[in-house]
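All remarks here apply to the structure that follows.
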Amino acid sequence: MSTGHVALVGGGPAPSELITVRGRELLTAADVVVADRLGPRGLLDELGADVEVVEVGKEPGRQSATQDEINELLVDRVRAGRRVVRLKGGDPYVLGRGGEEREHCRAHGVDVEVVPGITSASAVPAAAGIPLTHRGLARGFTVITGHEDLDVVPRSAQHTLVILMGVSTLPRVSRQLMADGHDPETPVGVVESGGTEAQRVTLGRLHSIAETAAQRQVANPAVIVVGQVVTLADDWTDETTGATTPPRPASDTKDGHRP
Ligand code: SAH
């Protein structure tokens, strides 16, 4: 009987420390690691020389494995009795096609352990000081790619929109949101390479962020946050944007946590 095993491991957004203990354990015991371009790439250097590392990450301008090839690779290796870790950036089930990989394995009689990861959708804004919900500023959030239709996004001023894979579509997306009735003054933050030494934050408003991002040559990977919570970003100042940060709700100052 085969001793093979497949685990879909969420590796977190980039800093190696953000992988879970279970994810790390599986990685240490793996015979084969199928890796994305994003995620805790530093951990690959710690693998033994006998571990097969298969790079399947999508890199602009370079040929990458198709989803079908990745699916087949997982089944092929586990059938050969190997312990396979499919190491994914962030969380496998947040815009990561983890569900498809699991379905494919199960359709071929292969059980899959899924290890959640810290998604870049929350961790990357957090690295810039931006919470996704905050009393008085946002009660909920939507995570979407820059390639989807945006009419599903709630128009409430107290809702945060998080856009992944959205750098190239930012001009269209910001125009579309305004056309859909989102306030052009809505604060927007773009966080590149969140949590790494290369992290850079670009702040602005919905009506001007596309131009600012183009001037600064903002590049992938980046998470775009649209909503009042962006005013909590470490680098947000009224001067740089020419606008006023909304006052904090009175309850924040009454409960004794803030002076
Ligand atoms: N499943 C992943 C998302 C995969 S889509 C997750 O849960 O995080 C890839 C997108 O994630 C990138 O285009 C970018 O928008 C975002 N991303 C991942 N890591 C990032 C990082 N360190 N900094 C900024 N954006 C990141």
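All ligand and atom numbering here is 1-based and tracks the order in the structure. Every heavy atom of this structure was used, including side-chain atoms; hydrogens, water molecules and symmetry mates were not.
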Q. Taking atom 18 (C) of ligand 1 as the point of reference, which of Pro15, Ser120, Ala14 owns the nearest heavy atom?
A. Ser120
Q | Option with minimal heavy-atom separation from atom 6 (C) of ligand 1, where the choices are Pro125, Gly10, Gly90 | A | Gly90
Measure the distance from [atom] to every protein heavy atom, then report the residue, atom name and distance (to 0.1 Å) of the closest one.
| atom | answer |
| --- | --- |
| atom 2 (C) of ligand 1 | Gly89 O, 3.2 Å |
| atom 14 (C) of ligand 1 | Ala222 O, 3.4 Å |
| atom 24 (C) of ligand 1 | Pro221 O, 3.4 Å |
| atom 12 (C) of ligand 1 | Leu38 CD1, 3.8 Å |
| atom 5 (S) of ligand 1 | Met165 CE, 3.5 Å |
| atom 23 (N) of ligand 1 | Gly194 N, 2.8 Å |

Q | Heavy-atom side-chain contact between Val9 and Arg86 under 4.5 Å | A | no
(Q) Restricting to side-chain hydrogen bond (donor to acceptor under 3.5 Å, both in side chains), what partner residues turn up for Thr142, sequence neighbours left out? (A) His159
Hey, can you pull the donor-acceptor pairs under 3.5 Å for the side chains in residues 40-49, sequence neighbours left out?
| residue | atom | partner | partner atom | Å |
| --- | --- | --- | --- | --- |
| Arg41 | NH1 | Asp36 | O | 2.9 |
| Arg41 | NH1 | Glu55 | OE1 | 2.7 |
| Arg41 | NH2 | Glu55 | OE1 | 3.3 |
| Arg41 | NH2 | Glu55 | OE2 | 2.9 |
| Glu46 | OE1 | Arg24 | NH2 | 2.7 |

**Q.** Minimal non-hydrogen separation, Asn71 against Glu101, with atom names
**A.** OD1-CG, 3.4 Å
Q. Is Glu103 salt-bridged to Arg106, going by a charged N under 4.0 Å from an acidic O?
A. no
